[in-house]
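Everything below concerns the one structure shown next.
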There are 2 protein chains.
Amino acid sequence: MKVLIVEDDPLHRSYLHEAVNAALPECDTVIEAENGTAGEKLARDHKSAHIVMDLQMASRNGIEAARTIWKERPETRILFWSNYSDEAYVRGVSRIVPDGAAYGYVLKSASDERLKLALRSIFIESQCVIDREVRGLQQKSLGQTNGFTDSEYEILVDIALGLTDRAIAKRRSLSLRSVQNRLQQLYDKLDVYQTAGDDHEDGRFNLRARAVTIAFLRKLLNYSALERAEAELQEWLDGK
Amino acid sequence: MKVLIVEDDPLHRSYLHEAVNAALPECDTVIEAENGTAGEKLARDHKSAHIVMDLQMASRNGIEAARTIWKERPETRILFWSNYSDEAYVRGVSRIVPDGAAYGYVLKSASDERLKLALRSIFIESQCVIDREVRGLQQKSLGQTNGFTDSEYEILVDIALGLTDRAIAKRRSLSLRSVQNRLQQLYDKLDVYQTAGDDHEDGRFNLRARAVTIAFLRKLLNYSALERAEAELQEWLDGK
DNA sequence: CAACAAGCTGCGGGTTTACGCAAGACGGCG
DNA sequence: CGCCGTCTTGCGTAAACCCGCAGCTTGTTG
């Protein structure tokens, strides 16, 4: 059994290496990549079906790498090992995991024990292991309570990219008015109107920009999500 | 001589601990804090004048911690040790360093050697040590070439926060028109108009939102900068 | 099938933005 | 001092945005 570690921080990488050795005696080879691009290549070359992947790497982040790897061989088991549980990451991951694939999401702050357990569960037992904290987010996020619909999230991304209403309408094949409807929905959910009783309309916000800000502060968006969205946008722009 | 390490990743913390021991035999005590708040407290209690500080910590980030520490004792020597050289960080740091203070900025990707050298230079020789890569940014950023004026940066932050033109005008004591002038200046510099010959006005951007996006993608802004700006904004809102 | 909720769309109008034009204000500099 | 560049401000306009109102299309449910 082979395990591929994709992680750009050398300290974390060697820590992982050790953890894998300790948790998986049945593993005979451990290979390492220090960024997403190299990770993809190694995964392809070695046909390795067991990967531990950092999100947030400089060159090509974990989500992108995972997506292409899963596209080639959906049965690959991937354990995401991340510093953060930003909703943006969680959403990004659950968007790309193939049906029935075994994967995991463990925070770097988890104990050695927890990490080892997750390694065994996923790689040996083919079970999904999602960190408790992440799980909470997932439920809230994908359930409708206080969570965002896909369409809401979609426009959020679109305005974060800086598109005009008209451009969004074109991209998503909607009428102008529908786009604006969704925007209002979004504004409601993000509670953008928090001015808390300003008598004289004084410190009003620019709703569109404010929504993006709040989404960022709440980690609904983060750099990585923006980056991916921007790439998709460029693709679309080129396509037509 | 005492050294305080403020760093939330345990692996990095122990690595630093070792590095300090190896580089500074004259150091007899090393204390550790795992977030900014604890770091401030320890710095105060121990009157420690030598600090290694991570930027980007969950609870209270390095820039904030450094600011309050320097406010209390400006002669403190601080070595910032960060994963990234985002312009937002660089600008944030150079904004708070007191006149004549010795400080350093070293990237986590630097070699052991470089780190140890920096530790000695700053803590023993009281010299500033700025990572080459960071230095480059600083020059470009603070020099006028391709860099952003303070007023430009200010307005960038204001629209990123989601303020309206009117609110910005009030906050910065400007006329509406001046705010809009500065915005245009900003749009120019950020090169927001990149649509590269769209015949039929098709995929136009919302300039205001797009500017923020581009700033984020270029790391002129990041989460930490936004967070700080938001805090300042709330202060201002409460104040009047 | 009727009833109803949820989403799409057009119309209309009040506000905010983006920006050209042009008149001061201020700070060097020969 | 007069000239010049930079910054500020007001006026005015076209476009974009926010959003209430209302008619339609669907999918769902009793």
Side-chain angles (χ1 to χ4, degrees), chain A residues 143-195 198-215, chain B residues 143-145 147-195 198 200-215:
Chain A
Q144 61 280 36
T145 325
N146 190 15
F148 290 74
T149 320
D150 282 341
S151 66
E152 283 160 359
Y153 192 75
E154 212 175 54
I155 322 188
L156 171 58
V157 170
D158 284 341
I159 59 172
L161 285 173
L163 295 172
T164 59
D165 290 4
R166 194 187 313 285
I168 299 174
K170 205 158 289 183
R171 175 133 120 111
R172 306 300 182 187
S173 305
L174 287 172
S175 75
L176 228 181
R177 190 61 181 86
S178 292
V179 170
Q180 296 173 332
N181 269 343
R182 292 190 176 182
L183 279 175
Q184 277 176 255
Q185 231 172 303
L186 183 70
Y187 296 157
D188 272 348
K189 282 218 185 166
L190 282 176
D191 194 20
V192 163
Y193 305 94
Q194 27 149 280
T195 348
D198 54 324
D199 330 317
H200 48 328
E201 30 98 355
D202 167 272
R204 194 89 110 284
F205 285 116
N206 175 318
L207 299 183
R208 173 177 287 247
R210 186 63 181 166
V212 176
T213 313
I214 292 186
Chain B
Q144 60 281 34
T145 325
F148 290 75
T149 320
D150 282 340
S151 66
E152 283 159 358
Y153 192 76
E154 210 173 56
I155 221 175
L156 170 60
V157 170
D158 284 341
I159 60 172
L161 286 172
L163 294 171
T164 60
D165 290 4
R166 195 188 314 285
I168 299 175
K170 206 158 287 181
R171 176 135 121 108
R172 306 298 183 188
S173 304
L174 287 172
S175 75
L176 227 180
R177 190 61 179 86
S178 292
V179 170
Q180 296 172 333
N181 267 344
R182 292 191 177 183
L183 278 175
Q184 275 177 257
Q185 229 173 303
L186 183 70
Y187 297 156
D188 271 348
K189 282 217 186 167
L190 282 176
D191 194 20
V192 165
Y193 306 93
Q194 28 150 274
T195 347
D198 54 323
H200 46 330
E201 31 98 353
D202 166 274
R204 195 89 109 283
F205 286 116
N206 175 319
L207 299 183
R208 173 178 288 246
R210 187 63 181 165
V212 176
T213 312
I214 293 186

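Note: hydrogens, waters and symmetry copies are ignored here, and every other heavy atom, side chains too, is used. Letters A, B, ... mirror the listed sequences (proteins, then strands); counts begin at 1. All values reported here derive from a predicted model rather than from experimental measurement.
Contacts between residues 176-183 of chain A and DNA chain D, defined by a heavy-atom separation below 4.0 Å, involve Arg177(A), Gln180(A), Leu183(A), listed by number.
Atom CG in Leu174(B) sits about 17 Å away from atom P in dA25(C), given to the nearest Å. Rounded to whole Å, atom C1' of dC19(C) lies 14 Å from atom CD1 of Ile155(B). Distance, Phe205(A) CZ to dC18(D) P: 15 Å, rounded to whole Å. To the nearest angstrom, C1' of dA18(C) lies 16 Å from CG of Leu190(B). Atom CG of Asp150(B) and atom P of dC7(D) are 13 Å apart (whole Å). Taking atom CZ on Arg204(A) and atom C1' on dT17(C), their separation rounds to 15 Å, with Å as the unit. Separating the CG atom of Asp158(B) from the P atom of dT16(C) is a distance of 17 Å, rounded to the nearest angstrom. Between the CZ atom of Arg210(B) and the C1' atom of dT17(C) there is a distance of 18 Å, given to the nearest Å.
The side chain to side chain contact (heavy atoms under 4.5 Å, CB included) check on Ala215(B) picks up Leu156(B), Leu220(B), Leu221(B), with sequence neighbours excluded. Arg182(B) pairs by the side-chain hydrogen bond (donor to acceptor under 3.5 Å, both in side chains) definition with nothing, not counting sequence neighbours. Scored by the side chain to side chain contact (heavy atoms under 4.5 Å, CB included) test, Leu207(B) finds Tyr187(B), Val192(B), Tyr193(B) as partners (sequence neighbours excluded). Qualifying side-chain hydrogen bond (donor to acceptor under 3.5 Å, both in side chains) partners for Gln180(B), counting only residues two or more places apart in sequence or in other chains: Asp165(B). With sequence neighbours excluded, no residue satisfies side-chain hydrogen bond (donor to acceptor under 3.5 Å, both in side chains) with Ser151(A).
Taking CG of Leu163(A) as the start and CZ of Arg204(B) as the end, the distance is 12.5 Å to the nearest 0.5 Å. In this structure, CG on Leu174(B) lies 7.5 Å from CD1 on Ile155(B), to the nearest 0.5 angstrom.
Between Tyr193(B) and dA18(C), a side-chain N or O to OP1/OP2 separation shorter than 4.0 Å is absent. Within the 4.0 Å cut-off from OP1 or OP2 of dC17(D), not a single side-chain nitrogen or oxygen of Tyr187(A) is found. Contact between the side-chain N/O atoms of Gln184(B) and the OP1/OP2 oxygens of dG20(C) is found at a separation under 4.0 Å.
Nearest-nucleotide positions on DNA chain D for Asn206(B) and Ser175(B) put Ser175(B) closer to the 5' end.
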